[in-house]
Protein chains: 2
Amino acid sequence: MTIREVARVAGVSAATVTRALSTPEVVRPATRQRVREVAASLGYHPNRAARGLITGRTGNFGLLVPDLANPFFPSIVKGVQGRAHEADHAVFLADTDEDPAAEAGLVRKLAKQVDGIVLCSPRMAEPELRALAGEVPTVLVYRRVPGVPSVTAEFLDGMRQAVSHLTALGHRRIAYVAGPRTSWANRERVRSLRAVTRRSEVELTEMGNVIPQFPGGVSVADRVLAAGVTAVIAYNDLVALGLLHRFAARGVAVPDDISVLGFDDIPLAEMVHPALTTVALPKEEAGQAGVDLLLHLLDRRTAVRRELPTQLMVRGSTGPAR
Amino acid sequence: MTIREVARVAGVSAATVTRALSTPEVVRPATRQRVREVAASLGYHPNRAARGLITGRTGNFGLLVPDLANPFFPSIVKGVQGRAHEADHAVFLADTDEDPAAEAGLVRKLAKQVDGIVLCSPRMAEPELRALAGEVPTVLVYRRVPGVPSVTAEFLDGMRQAVSHLTALGHRRIAYVAGPRTSWANRERVRSLRAVTRRSEVELTEMGNVIPQFPGGVSVADRVLAAGVTAVIAYNDLVALGLLHRFAARGVAVPDDISVLGFDDIPLAEMVHPALTTVALPKEEAGQAGVDLLLHLLDRRTAVRRELPTQLMVRGSTGPAR
DNA sequence: ACTGGCGATGAAAAGGTTTTCAGACCCGAT
DNA sequence: ATCGGGTCTGAAAACCTTTTCATCGCCAGT
């Protein structure tokens with residue numbers, strides 16, 4: 001069912017058909033009406049590939065995530081997918097399996113099928129990222145690179161909430177279990193934490209770096225206990241859950257013996273016992289904002305930056321210092 | 001970066017470039033080598049829209065999931081995405097937000113941009129599903145409909161493993177917390193469970209139906225305790241985690257007072273304490289198999305059915321009956 | 001009556017690839 | 001020397017749509 005067939009049946013040229021459908025105001029009402037009726041009765045829908053070929057617009061977005069199995073990401077994907085859908089765009093999803101080297105290749109591969117790409121927590125180095133952003137309209141989510149539109153969260157404020165909460169409970173010696181050294185998110189966390197604790201009476205012990213997964217937390221738990229702190233802030237919730245798991249196995253009571261605080265607020269955080277106190281980062285909102293920024297970039301060709309609020313979720317894993 | 005540019009640099013025609021890349025055996029080795037090198041160095045990837053225009057194949061697959069935030073699905077998506085990628089296909093992801101009415105619309109919308117669709121645990125009714133499968137090449141994952149290619153798991157065997165495990169531990173009174181009444185998965189579970197317990201000395205108490213989420217488990221936990229059973233099998237892991245959570249809050253010891261057994265083996269299952277004994281369903285493998293069946297369907301136009309093995313994972317939440 | 005301008009339409013080009021068909025070349029056989 | 005056959009390559013058509021440019025007819029204004 002092609003445009004020519006519609007044109008033939010309606011007794012007009014193909015040009016008039018496309019006009020009647022996509023810029024109706026330029027065709028005579030009678031003609032427009034007739035063409036649209038014929039198109040509808042024949043069940044005609046323009047071939048998107050052919051349209052994309054000439055307009056350069058595909059009506060699709062790309063979305064790259066490092067690891068969909070990491071519970072931090074699915075909500076972001078939902079946000080992106082939902083908002084993209086509202087804007088009548090479909091979403092290509094690609095999972096890079098935490099391989100920084102694979103990212104650029106996937107982006108370039110997707111590039112010609114999409115109008116723009118949302119890069120979620122990309123692991124690749126900044127220069128390469130900047131180069132990529134020059135080739136394809138790109139928005140970063142949870143990564144910041146000057147000149148590239150990005151969605152992040154107020155880490156500093158989140159960390160301030162976390163530390164204030166702990167000091168209010170009487171904690172003075174706090175450990176931080178760091179994530180991967182090369183991770184942008186980890187650098188942001190460390191920077192924020194140091195800034196917040198600098199002029200306070202808090203004594204900060206940094207340990208790590210661990211992989212940002214459950215086993216990472218398990219592996220460092222005993223060292224945390226040996227450090228003689230009364231509270232520990234983990235790089236993220238998965239690491240915090242690893243700590244909780246190992247603490248439970250060793251009979252260490254949380255929060256009576258030690259308080260544990262995570263970062264992200266993944267769904268699991270409130271399913272465990274004790275439920276995890278954590279700094280919630282916007283996820284679905286971040287995905288939506290990413291699409292908004294992409295639409296803005298495509299429309300007005302300007303790079304915008306957006307910083308979303310964070311919120312400490314106080315649950316059962318933090319309590320008064322011993 | 002078009003095929004012409006590659007052709008120009010390599011000193012051949014566009015036809016030779018496309019041959020060197022897609023049907024290498026028909027071009028002289030020296031030419032082939034040179035063309036491929038030039039293409040690689042220029043970062044050339046064929047424009048898929050243009051290719052699709054002439055071949056009729058888009059090189060894309062669609063993937064529908066009910067809710068990506070449900071931890072059962074991300075791994076399936078990874079499986080689909082990974083295998084599709086190996087077959088040089090990109091994947092459109094759509095999340096239906098558990099809305100059966102939205103499914104058909106999304107499929108039809110995606111239909112024109114893809115060669116086929118993987119429908120993951122679709123919630124829609126069977127007749128509608130059958131109609132859809134007639135319009136677009138479709139493969140079902142975790143749903144079975146006669147005549148439509150499908151990937152499922154050996155629920156009966158999984159349930160047998162679960163019940164044998166419990167009876168070996170001395171359990172005789174077992175509760176089953178059912179999922180949504182309309183859910184295909186729940187019907188399969190119930191059918192398997194009844195078949196397995198029919199001629200045994202096990203006394204089965206069915207309760208529910210609950211929503212297949214954490215709060216569903218929380219909400220039914222007290223009724224489970226009141227039922228006087230020594231073990232409970234939950235519709236899925238999320239419900240089981242809800243049970244564990246409420247049991248912990250009430251001071252009921254697991255597995256000393258009651259054994260808890262889940263279904264799915266989502267990643268959280270081994271992160272909680274006690275870790276959850278559960279029947280593992282293949283997830284990534286199911287996604288891969290879905291793509292395999294889709295490729296098979298497109299290639300040979302025949303519908304295949306595949307049933308993957310299940311495996312009981314014994315962890316800390318089950319123990320000897322009191 | 002003529003010009004200018006406007007509204008509506010069609011013809012044709014463009015977009016990037018694959019495929020078909022024909023041609024060029026080389027080798028071995030007659 | 002010619003021919004047949006095989007291998008490799010290039011030119012051109014085809015896929016379907018949108019957009020540009022040109023044409024046509026008509027009306028208002030002079």
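Every chain is numbered from 1 and lettered A, B, ... according to where its sequence line falls, protein lines coming before strand lines. The structure displayed is predicted, hence computed values, not measured ones. Computed over heavy atoms, backbone and side chain alike; hydrogens, waters and symmetry mates excluded.
Atom CD1 of I54(A) and atom P of dA12(C) are 16 Å apart (whole Å). As rounded to whole Å, 11 Å separates atom P of dT18(C) from atom CG of L53(B). Between N47(A) atom CG and dT17(C) atom C1' the separation is 14 Å, expressed in whole Å. Look at CG on L42(B): it is 16 Å from C1' on dG16(C), rounded to the nearest Å. Atom CZ in R4(A) sits roughly 12 Å away from atom P in dA12(C) (whole-Å rounding). Across the protein-nucleic acid pair, L21(B) atom CG and dT18(C) atom P stand 8 Å apart, rounded to whole Å.
No side-chain heavy atom of E86(A) sits less than 4.5 Å from a side-chain heavy atom of V291(A). Counting heavy atoms from C-beta outward, N60(B) and H89(B) have side chains that stay 4.5 Å or more apart.
Remark: E37(A) does not engage R34(A) in a salt bridge, criterion side-chain N to carboxylate O under 4.0 Å.
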Below 3.5 Å between N/O atoms, which protein atoms pair up with nucleotides 8-10 of chain C? Just atom names and distances, please.
residue, atom, partner, partner atom, Å
dT9(C), OP1, R28(A), NE, 3.3
dT9(C), OP1, R28(A), NH2, 3.4
dT9(C), OP1, T31(A), OG1, 2.5
dT9(C), OP2, R28(A), N, 3.1
dG10(C), OP2, S13(A), N, 2.9
dG10(C), OP2, S13(A), OG, 3.0
dG10(C), OP2, T16(A), OG1, 2.5
dG10(C), N7, R19(A), NH2, 2.7
dG10(C), O6, R19(A), NH1, 3.3

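No donor-acceptor contact under 3.5 angstrom links the side chains of N236(A) and Q213(A), judged on distance only.
The number of heavy-atom neighbours closer than 6.0 Å to CZ of R4(A), taken from other residues, nucleotides and ligands shown, is 12 or below.
None of V80(A), L63(A), V77(A) except one satisfies the side-chain contact (heavy atoms from CB on, under 4.5 Å) rule with L93(B); the exception is V77(A).
Note that the first and last nucleotides of DNA chain D, 5' to 3', having any atom under 4.0 angstrom from a heavy atom of chain A are dC16(D) to dT20(D).
Not counting sequence neighbours, F73(A) has no partner by the ring pair (Phe, Tyr, Trp, His ring centres under 6.0 Å) test.
Taking the six-membered ring where tryptophan is involved, the planes of F155(B) and Y142(B) are tilted, since the angle between them lies from 30° to 60°.
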